[in-house]
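Have a look at the structure below before the remarks.
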Amino acid sequence: MTVTAQSARAARWPAVRPWLGVAARLGLAAVWLLAGGSKVGDLAASGRAVNAYQVMPYDAATVIGAALPFVELALGALLLLGLATRLAAGVSAALLVVFIAGIASAWSRGLSIDCGCFGSGGQLAEGQAPSYLPEILRDLGFLALAGFLLIWPRTPVSVDGWLTGDAGVEDEDE
Amino acid sequence: MSSRKGQRDSARVVREQLARERRRKRTVWASVAAVAVLVIAGLIGWSVFSGQRSTEFTAPTGANEAGTGVVSGSGPVTVDVYEDFLCPACKQFEQVSGATIDQLISAGKVRVVHHPVAYLNRFSTTQYSTRSSAASGCAAEGGRYREYAKALFERQPPEGGAGLSDDELVDIAAGTGIDRDGFSSCLREGTFKPWTEHVTEEASKANVTGTPTILVDGRPVADRSPEGIRAAVEAAGR
């Protein structure tokens with residue numbers, strides 16, 4: 001708890017940052033667990049959602065659609081534990097960039113689909129218009145969380161912290 | 001600076017370097033483990049899905065050649081109707097424009113292919129979309145797809161619940177004049193579940209992203225009212 005002891009004297013940012021990091025990590029973990037959990041029960045629908053973007057052959061879309069929910073759940077678990085946080089944040093950021101690009105491309109091609117982000121199988125409910133802009137803004141928000149963790153991956157209460165010892169306490173091993 | 005202090009300092013530097021090296025190694029191993037977890041997760045998803053997927057299907061009597069739907073009529077213009085028995089808008093379409101479709105069929109103007117897709121399984125706790133579509137296959141086998149479909153829409157359960165039970169699906173079939181025992185065993189054996197999967201996959205391949213979707217000679221019809229359907233059929237028949 002050296003971090004909190006120092007914080008009394010130090011500027012506020014160094015004291016607040018680790019806890020912002022925890023919030024970002026757990027927030028992003030929740031996003032992935034929800035996204036994966038909502039799709040994992042119907043993998044065929046997940047494949048249809050990928051196929052609805054019309055960017056790859058149907059068979060490729062079903063493979064991606066089947067694999068994606070499990071990868072999302074695994075990312076969520078890694079972030080929840082705080083294991084390999086920087087790597088998990090990097091993969092999260094990459095996935096989110098792909099999602100944003102996909103939604104933007106569906107929008108620009110005038111497709112009328114749901115993003116399928118949280119398990120809708122890609123089809124819009126009756127009378128529902130596509131909401132591409134809110135979906136993109138939401139994903140940009142998630143991307144910001146991932147970006148924060150890419151820059152400052154060390155957060156309290158994480159397996160990373162436990163594995164490498166508390167940063168800044170150099171002689172702890174003695 | 002005394003030499004003893006120098007020694008202490010250099011010993012400390014070495015210790016720190018060793019500690020840093022240890023941390024670096026642990027970070028590398030943590031990353032390797034994380035990558036392995038992600039890759040394995042993806043492979044699990046793929047293998048689970050491959051395991052769920054059926055490879056062979058039997059289309060019911062009266063299905064089109066590709067086995068993607070049930071044919072009524074033999075007119076020059078082809079109308080494709082993609083419907084999910086749990087979809088409220090499909091029920092509405094049936095109630096508003098179903099009679100028009102039937103008139104066009106009996107007037108010999110159209111050949112209608114009904115595709116009972118299972119898009120909305122996540123909106124019931126019992127995979128009602130799949131179960132009702134497979135049941136409609138059993139009805140088609142008995143030559144009564146349309147009658148059964150209409151009865152299913154009439155008794156459409158709300159989204160989010162358990163849907164109709166198998167017993168209820170059998171009762172509805174019996175009510176439309178289908179042989180109860182034959183239908184019941186067809187339904188309970190899941191005879192047409194692989195067919196439902198095929199119908200659904202092919203619909204997705206055809207970029208049908210919602211239900212109901214109506215195609216007239218392959219072109220989507222936006223206006224699903226009786227007038228809209230008639231106009232689209234007239235235009236295609238010209």
Side-chain angles (χ1 to χ4, degrees), chain A residues 36 38-49 51-52 54 57-59 61-75 77-78 81 83-88 91 111-114 119-128 153 159-160 163-165 167 170-174, chain B residues 12 15-16 18-20 22-50 52-53 84 87-90 92-93 117-123 127 129-130 159 197 200-213:
Chain A
S38 66
K39 285 186 275 234
V40 81
D42 193 346
L43 296 178
S46 178
R48 286 200 300 276
N51 186 61
Q54 301 179 25
Y58 180 78
D59 288 319
T62 58
V63 172
I64 303 270
L68 189 61
F70 288 84
V71 172
E72 289 177 339
L73 286 176
L75 270 180
L78 288 176
L81 293 171
L83 176 64
T85 306
R86 178 168 270 166
L87 182 117
V91 175
L111 298 182
S112 184
I113 61 172
D114 181 274
S120 80
Q123 58 269 16
L124 291 165
E126 174 62 12
Q128 189 191 355
V159 176
D160 284 339
L163 275 178
T164 58
E170 294 288 356
D171 292 330
E172 202 191 32
D173 293 307
E174 285 185 342
Chain B
R12 195 168 61 84
R15 266 204 316 276
E16 280 173 10
L18 285 175
R20 244 199 308 279
R22 244 195 325 273
R23 276 202 299 275
R24 201 187 61 81
K25 265 194 182 150
R26 283 178 178 173
T27 307
V28 168
W29 281 113
S31 304
V32 169
V35 169
V37 164
L38 293 176
V39 170
I40 290 169
L43 290 175
I44 288 175
W46 184 29
S47 66
V48 167
F49 179 65
S50 313
Q52 287 172 351
R53 217 172 180 179
D84 185 313
C87 139
C90 302
Q92 203 189 337
F93 172 74
V117 297
Y119 272 11
L120 304 177
N121 272 328
R122 70 183 184 287
F123 287 131
Q127 304 238 311
S129 292
T130 291
E159 288 181 314
E197 205 176 292
T200 308
E201 275 202 2
E202 291 299 320
S204 181
K205 268 188 213 177
N207 293 324
V208 172
T209 55
T211 49
T213 291

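Proteins get letters first, then strands, A, B, ... in listed order; numbering begins at 1 in each.
Interface remark: Ala118(B) contributes backbone atoms only to the contact with chain A (heavy atom separation under 4.5 Å). With a 4.5 Å cut-off on non-hydrogen atoms, Val159(A) does not touch chain B at all. In this structure, no portion of Glu197(B) lies under 4.5 Å from any heavy atom of chain A. Of the atoms belonging to Ala61(A), not a single heavy atom falls under 4.5 Å from chain B.
Among all heavy-atom pairs drawn from Arg23(B) and Thr164(A), the shortest one is CD-O, 2.8 Å. Residue Ala84(A) comes nearest to Ala34(B) through the heavy atom pair CB-CB, 3.5 Å, listed as atom of the first residue, atom of the second, then distance. Nearest heavy-atom pair, Phe70(A) versus Gly45(B), reported as atom, atom and distance to 0.1 Å: CD1-CA, 3.1 Å. Contact between Ser204(B) and Asn51(A) at its shortest, heavy atoms only, is O-ND2, 2.7 Å. Of all the heavy atoms in Thr209(B) and Ser112(A), the pair that sits closest is OG1-O, 3.8 Å.
For the set Leu111(A), Ile64(A), Val71(A), the entry with the most heavy-atom pairs within less than 4.5 Å of chain B is Val71(A). Contact count versus chain A (heavy atoms, under 4.5 Å) is highest, among Val35(B), Leu38(B), Val208(B), for Leu38(B). When Leu68(A), Val40(A), Leu73(A), Leu78(A) are compared by the number of non-hydrogen pairs under 4.5 Å with chain B, Leu78(A) comes out ahead.
By the 4.5 Å heavy-atom criterion applied to side chains, Leu75(A) and Val37(B) are not counted as neighbours.
The distance from atom CD of Glu201(B) to atom OG1 of Thr62(A), rounded to the nearest 0.5 Å, is 7.0 Å. With rounding to the nearest 0.5 angstrom, the CH2 atom of Trp46(B) is 14.0 Å from the CG atom of Leu43(A). Rounding to the nearest 0.5 Å places CG of Leu163(A) at 14.5 Å from NZ of Lys25(B). Atom CG of residue Asp42(A) and atom OG1 of residue Thr130(B) lie 7.5 Å apart, to the nearest 0.5 angstrom.
Shown here are the salt bridge (Lys or Arg N to Asp or Glu O under 4.0 Å) partners of Arg24(B), two or more places apart in sequence or in another chain: Glu21(B).
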Could you walk me through whether Arg86(A) and Thr27(B) satisfy the side chain to side chain contact (heavy atoms under 4.5 Å, CB included) test, starting with their C-alpha distance in whole Å, then the side-chain angles of each, then the deciding distance to 0.1 Å, before giving a yes or no? CA-CA 10 Å; Arg86(A) 178 168 270 166; Thr27(B) 307; over 6 Å; no

